[in-house]
Amino acid sequence: MPELPEVETTRRGLEPLLVGRRIRTAVVRNRAMRQPVPRGLPQRLQGATVRALGRRGKYLLFDCGTGTLILHLGMSGRLWVVRDGAAPAKHDHFDMVLDDGTIVRLRDPRRFGLVLWHAGDPLTHVLLAKIGPEPLSTDFDGAALHAATRGRSVAIKHALMDSHVVAGVGNIYASEALHRAAIHPGTAAGKLSHASCEALAQAVRETLEIAIRAGGSSLRDYVSSDGLAGNYQNEFLVYDRAGLPCRRCGAKIREIRQGQRSSFYCSRCQKA
DNA sequence: CGCCAGGCCTGCACGC
DNA sequence: TGCGTGCAGGCCTGGC
């Protein structure tokens, strides 16, 4: 479930159910995530009231007053609300039981996700401190993208996925935004003009906003649960559309490998 | 069996 | 020396 639109969709879905609620108990069934889940986490959470549910990049931030639960969904993580008290399944590693009996449950088969605790300002956490501008904020625009890419020879697709350049853009939405801006994914980031950076920053913003409006994308391992089903996968311009016609010009979408990740683009719309 | 998958970190060799 | 870069590999499970 993991790029910014999916995380934001999750955040928006959980926020009204969570904020103001007390956490009755928390259960950790498997500590072996990308980093070990802190041993004392259930004790920290027990009795805490969730004051706010925020997001920075792909990280969800549960403000508990005395500290923050930092949660990342990795590649295969999903966070949803269980209302019927259903028994946890194989990869359900973490539960928060609220004072009204609902359960917020994390399922993450690959365990690339994170469940951490941080006392104080979460933005000072080592994993968050150096993250670049939020793409939907005014901090991110053509000038910011231009400044962040000067002198860099890396492919722009790669740069977009670099969280230090801009937060929250992953493999799907990098390809999508580049198509929207008519920029070839292999273009050296530092060669982009001011105008191209402006177009690309705008395209990143539009792509993410449209995807959020669609509730994010639902791929392969998605399990429908709580009205959190996303639909943006039906609107992909290029992602996973190799060989299919470009929605804009009709030329065949191509697939290449960049840094061991798949990139998709239209060779007619997106010039090198 | 091998390959692939929405993330992200580390280590290495290399060039400037 | 120190960076940026482009790789490879690792962390895991599951689907094809």
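Reminder, nothing fancy here: chain letters follow the sequence lines and each chain counts from 1. Computed from a prediction, not measured in an experiment: that's the story for all the values here.
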Rounding to an integer number of Å, can you tell me how far [X] [atom1] sits from [N] [atom2]?
X: A:R110; N: B:dA5; atom1: CZ; atom2: P; result: 10 Å
X: A:Q260; N: B:dG11; atom1: CD; atom2: P; result: 17 Å
X: A:F112; N: B:dA5; atom1: CZ; atom2: C1'; result: 10 Å
X: A:M161; N: B:dG6; atom1: CE; atom2: P; result: 8 Å
X: A:N171; N: B:dG6; atom1: CG; atom2: C1'; result: 8 Å
X: A:R241; N: B:dG6; atom1: CZ; atom2: P; result: 17 Å
X: A:K130; N: B:dC9; atom1: NZ; atom2: P; result: 10 Å
X: A:L128; N: B:dC9; atom1: CG; atom2: P; result: 10 Å

Query raised in the report: Do A:C246 and A:R268 touch side chain to side chain, with heavy atoms closer than 4.5 Å?
Result: no
[X] and [Y] ion-paired at < 4.0 Å:
X: A:E8; Y: A:R11; answer: yes
X: A:D99; Y: A:R24; answer: no
X: A:E3; Y: A:K58; answer: no
X: A:R29; Y: A:D95; answer: yes

Separation of the [atom1] atoms in [N] and [M], to the nearest angstrom:
N: B:dG6; M: C:dC7; atom1: C1'; value: 22 Å
N: C:dG9; M: B:dC4; atom1: P; value: 13 Å
N: C:dG6; M: B:dA5; atom1: C1'; value: 22 Å

Report summary line: Comparing A:K90 with A:R152, nearest DNA chain C nucleotide closer to 5' gives the residue A:R152
Query raised in the report: So with a 6.0 Å cut-off around CZ of A:R44, is the heavy-atom count from everything else above 12?
Result: no
Report task. Look at atom CZ of A:R205 and say whether more than 12 heavy atoms of other residues, nucleotides or ligands are closer to it than 6.0 Å. Result -> yes
Query - Least distance between heavy atoms, A:R39 atom then A:Q43 atom - result: O-OE1, 3.6 Å
Query raised in the report: Hey, do the aromatic rings of A:H179 and A:Y265 have their centres closer than 6.0 Å?
Result: no
Query raised in the report: Where are the stems of DNA chain C, defined as at least 3 consecutive Watson-Crick or wobble G-U pairs with both distances under 3.5 Å?
Result: B:2-5 with C:13-16, B:7-16 with C:2-11
Query raised in the report: NA contact type, A:S262, heavy-atom cut-off 4.0 Å: base, sugar-phosphate, or nothing?
Result: sugar-phosphate
Query raised in the report: For A:H158, which contact category applies under a 4.0 Å heavy-atom criterion: base, sugar-phosphate, or nothing?
Result: nothing
Query - Parallel, tilted or perpendicular: ring planes of A:H194 versus A:H146, cut at 30 and 60 degrees - result: parallel
**Report entry** Outermost nucleotides of DNA chain C that come under 4.0 Å of a non-hydrogen atom of chain A
**Finding:** C:dT5 to C:dG14
Query raised in the report: Would one find a side-chain N or O of A:R261 under 4.0 angstrom from OP1 or OP2 of B:dG6?
Result: yes
Query raised in the report: Can you check whether A:Y173 has a side-chain N or O nearer than 4.0 Å to OP1 or OP2 of B:dG6?
Result: no
